[in-house]
Peer 1: 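A single structure is presented below for examination.
The figures that follow rest on heavy atoms only: side chains count, while hydrogens, waters and symmetry mates do not.
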Amino acid sequence: MKYKSLLLLIVSVLLLSVSNISSQDHGTDIRDINKLKNIIEGDGKYPLTLLNKNEAILFLGYFGRSTDSAYLCNLLNNEKFKENYLPIVRALGLLRSDDSVLCLIQNLKKNVNTLDKLHIYDALIYSIKDSSREKNAIIQLEKEMRESKGEIRENFRQLLIRITDDKSGKYIEGINFEEIDTIFAAKGLPTERLTSKTFALSLKSNDYELLLPHLESVVKKNKELWVGYLLKGYCLYLLKKYDEAEINFKKSIELNQRDSNSYFYLGDIYSIKGEKSVAKQYYENGIKYSPSVINKIIINEKIEILGNIPQK
């Protein structure tokens with residue numbers, strides 16, 4: 001909504017600034033797509049208007065049609081218009097066409113800098129969220145996430161979170177600590193809530209060592225609460241204490257058969273041990289119960305790698 005309001009404000013200000021000129025010169029119409037393109041491609045200001053290139057680009061996005069997506073996309077990939085990158089991205093967002101969305105997605109696949117990436121996020125969110133194309137766009141973005149790696153995959157994951165608001169944890173990678181926090185809150189366990197929030201931070205190895213005594217206390221006080229064993233197992237796993245971690249993950253599954261993360265980490269542990277058939281079984285069980293698309297993608301890749309590792 002913030003991006004939509006900003007775009008409408010920009011266009012409204014521009015409309016106001018040129019209204020007097022347009023009324024004085026009846027031959028000049030800012031809705032004339034060809035004239036806007038002349039301003040964009042020309043040098044300086046177009047005669048009888050005060051529009052510059054950036055303003056003309058924004059008006060083209062505002063008044064243009066889906067057929068103008070290709071034109072704007074060509075500008076976006078043209079070194080000559082490098083200084084006009086931001087208004088071009090915003091104009092593509094304003095068009096809200098299938099082709100403009102595709103163009104922005106293709107550019108998100110490039111190694112764009114952080115600021116440019118954020119502008120593409122905003123344009124895509126404006127184009128997709130709460131629109132008739134949202135369902136198909138999400139399918140396309142999930143496909144891109146599945147087929148990409150590293151930073152590019154993370155770009156699509158973050159975009160999907162922002163478009164969908166991801167209340168179900170569909171695009172959460174690894175353990176969904178917000179879900180665990182909710183479980184602790186429902187049980188009236190404020191101290192344990194703090195522990196789950198701590199795990200969501202990027203901690204160092206010695207921090208996990210310090211957390212272990214508290215996690216011991218959590219499982220002793222709440223012996224039937226599966227998330228306590230999951231967190232303890234996770235902590236031990238990160239400390240490479242795999243045998244102890246295995247015991248806790250299995251206890252978590254005993255209490256909650258649908259604990260996909262414990263299955264995943266048990267798969268990792270047996271993969272480290274070289275027992276790939278056992279690892280594969282745990283991975284497949286985790287996939288069966290996981291609500292997370294990104295976790296399923298990562299685990300399927302691990303299963304594929306297992307097929308190339310000799311059995312010990």
Side-chain angles (χ1 to χ4, degrees), residues 1-15 54 57-73 75-77 84-148 150-174 176-179 182 200 290-297:
M1 283 301 295
K2 185 184 292 185
Y3 180 74
K4 181 177 181 180
S5 300
L6 177 61
L7 282 174
L8 292 177
L9 177 62
I10 291 170
V11 174
S12 298
V13 170
L14 291 176
L15 282 169
N54 286 345
I57 289 167
L58 283 172
F59 277 126
L60 180 58
Y62 189 75
F63 291 116
R65 300 176 181 177
S66 59
T67 51
D68 295 307
S69 299
Y71 177 83
L72 284 168
C73 197
L75 294 185
L76 193 63
N77 297 308
N84 310 104
Y85 186 89
L86 177 54
I88 296 169
V89 168
R90 285 177 171 168
L92 283 163
L94 281 168
L95 276 177
R96 302 193 85 181
S97 72
D98 292 339
D99 289 337
S100 64
V101 167
L102 182 60
C103 175
L104 290 166
I105 288 174
Q106 293 305 313
N107 275 271
L108 191 58
K109 290 166 70 173
K110 300 177 181 178
N111 291 315
V112 293
N113 64 49
T114 301
L115 186 58
D116 289 345
K117 179 170 64 180
L118 292 174
H119 290 313
I120 293 175
Y121 280 173
D122 286 339
L124 280 168
I125 291 166
Y126 177 73
S127 295
I128 296 170
K129 194 175 178 66
D130 300 325
S131 72
S132 59
R133 71 180 56 83
E134 181 172 324
K135 184 178 180 180
N136 289 335
I138 287 173
I139 292 171
Q140 177 65 30
L141 290 170
E142 287 184 358
K143 178 176 180 290
E144 297 291 350
M145 183 173 67
R146 188 174 293 106
E147 294 177 353
S148 56
E151 185 178 347
I152 305 301
R153 172 178 284 176
E154 181 63 11
N155 289 344
F156 287 112
R157 188 179 79 86
Q158 291 294 336
L159 179 60
L160 282 161
I161 289 172
R162 291 181 63 182
I163 289 173
T164 63
D165 297 325
D166 198 27
K167 301 297 184 184
S168 64
K170 194 175 181 181
Y171 305 110
I172 297 296
E173 184 175 343
N176 186 346
F177 292 107
E178 287 188 13
E179 177 190 20
T182 301
S290 179
S292 170
V293 172
I294 184 65
N295 280 350
K296 289 178 181 178
I297 291 171

Peer 1: Hey, what do you get for CG (Asp130) to CD1 (Ile125), rounding to the nearest 0.5 Å?
Peer 2: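 Separation between the atoms: 11.0 Å.
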Peer 1: Quick one: closest heavy-atom pair of Tyr126 and Gly93, and the distance?
Peer 2: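 Minimum heavy-atom contact is CD2-O, 3.1 Å.
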Peer 1: Can you establish whether the number of heavy atoms outside Glu178 located under 6.0 Å from its atom CD is more than 12?
Peer 2: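 Open: at most 12 neighbouring heavy atoms sit under 6.0 Å from CD of Glu178.
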Peer 1: Heavy-atom distance under 4.5 Å between the side chains of Val89 and Leu72, does that happen here?
Peer 2: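 No; the side chains remain at least 4.5 Å from each other.
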Peer 1: Step by step, work out the side chain to side chain contact (heavy atoms under 4.5 Å, CB included) result for Lys110 and Asn77.
Peer 2: CA-CA 11 Å; Lys110 300 177 181 178; Asn77 297 308; 2.7 Å; yes
Peer 1: Can you tell me how far the OG atom of Ser290 sits from the NZ atom of Lys170, to the nearest 0.5 Å?
Peer 2: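 Spacing of OG (Ser290) from NZ (Lys170) equals 11.5 Å.
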Peer 1: Could you tell me the separation between the CG atom of Asn107 and the CG atom of Asp116, rounded to the nearest 0.5 Å?
Peer 2: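 Those atoms lie 9.5 Å apart.
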Peer 1: Give the minimum heavy-atom separation between Asp166 and Tyr171, together with the two atoms involved.
Peer 2: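 Minimum heavy-atom separation between Asp166 and Tyr171: OD2-N, 3.1 Å.
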Peer 1: Out of curiosity, Ile57 CD1 to Leu94 CG, how far, rounded to the nearest 0.5 Å?
Peer 2: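 Those atoms lie 12.0 Å apart.
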Peer 1: Look at the side chain of Tyr121 and the backbone N and O of Asn155, then say whether any donor-acceptor pair between them is shorter than 3.5 Å.
Peer 2: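 Between the backbone of Asn155 and the side chain of Tyr121 there is a qualifying donor-acceptor contact (under 3.5 Å).
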Peer 1: Check whether Asp165 reaches the backbone of Lys167 with its side chain - one donor and one acceptor, N or O, closer than 3.5 Å.
Peer 2: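 The answer is no, because no donor-acceptor pair under 3.5 Å joins these two groups.
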Peer 1: CD1 of Ile163 to CG of Leu141: how many Å apart, nearest 0.5 Å?
Peer 2: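 One finds 5.0 Å between CD1 of Ile163 and CG of Leu141.
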Peer 1: For Gln106, enumerate each residue passing the side chain to side chain contact (heavy atoms under 4.5 Å, CB included) test, keeping only those at least two apart in sequence or located in another chain.
Peer 2: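 Gln106: side chain to side chain contact (heavy atoms under 4.5 Å, CB included) contacts with Leu102, Lys109, Glu144.
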Peer 1: If you define the side chain from C-beta out and look only at heavy atoms, does anything of Arg153 sit under 4.5 Å from Ile294?
Peer 2: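 A side-chain contact exists here, since the closest heavy-atom pair is under 4.5 Å.
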Peer 1: If only atom types and distance count, is the side chain of Arg157 paired as donor or acceptor with the main-chain N or O of Met145 below 3.5 Å?
Peer 2: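 Flag not set: sc Arg157 to bb Met145 has no pair under 3.5 Å.
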Peer 1: For the residue pair Asn176 and Ser292, establish whether any side-chain heavy-atom pair is separated by less than 4.5 Å.
Peer 2: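 With C-beta onward as the side chain, the pair stays apart.
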Peer 1: Has Ser127 got a side-chain atom pairing as donor or acceptor with Leu124's backbone, closer than 3.5 angstrom?
Peer 2: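 Checking the backbone N and O of Leu124 against the side chain of Ser127, no donor-acceptor pair under 3.5 Å is found.
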Peer 1: Can a donor-acceptor pair be found, under 3.5 Å and without considering hydrogens, that links the side chain of Arg146 to the backbone of Ile297?
Peer 2: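 No, Arg146 side chain to Ile297 backbone: no donor-acceptor pair under 3.5 Å.
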Peer 1: Can a donor-acceptor pair be found, under 3.5 Å and without considering hydrogens, that links the side chain of Asp68 to the backbone of Tyr71?
Peer 2: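 No; judged by distance alone, with no hydrogens or angles, the pair does not exist.
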Peer 1: Measuring only between side-chain heavy atoms, which start at C-beta, is Tyr85 closer than 4.5 Å to His119?
Peer 2: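 No; the side chains remain at least 4.5 Å from each other.
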Peer 1: Does a side-chain heavy-atom distance below 4.5 Å link Arg162 with Lys129?
Peer 2: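 Side-chain contact under 4.5 Å: no.
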Peer 1: Just wondering, do Leu108 and Ile105 contact through their side chains at under 4.5 Å, heavy atoms?
Peer 2: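 No. Closest side-chain heavy atoms not under 4.5 Å.
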Peer 1: State, yes or no, whether a side-chain contact exists between Val101 and Gln140 at a heavy-atom distance under 4.5 Å.
Peer 2: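 Val101 does not reach Gln140 side chain to side chain.
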Peer 1: Check for a donor-acceptor pair, side chain of Asn295 on one end and backbone N or O of Glu173 on the other, with a separation under 3.5 Å.
Peer 2: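 No, Asn295 side chain to Glu173 backbone: no donor-acceptor pair under 3.5 Å.
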Peer 1: Are Arg90 and Asp122 close enough for a salt bridge, meaning some N to O gap below 4.0 Å?
Peer 2: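 No, no charged N to carboxylate O under 4.0 Å.
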Peer 1: Find out whether Asn136 and Asp98 are in side-chain contact, i.e. whether some heavy atom of one side chain is under 4.5 Å from a heavy atom of the other.
Peer 2: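 In short, these two side chains do not touch, never coming nearer than 4.5 Å.
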Peer 1: Output the distance between atom CG (Leu75) and atom CG (Asn84), rounded to the nearest 0.5 Å.
Peer 2: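 Between Leu75 CG and Asn84 CG, I get 8.0 Å after rounding to 0.5 Å.
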Peer 1: Can you list everything that forms a side chain to side chain contact (heavy atoms under 4.5 Å, CB included) with Ser100? Sequence neighbours excluded, please.
Peer 2: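 Ser100 satisfies side chain to side chain contact (heavy atoms under 4.5 Å, CB included) with Ser69, Leu92, Leu95, Ser97 only.
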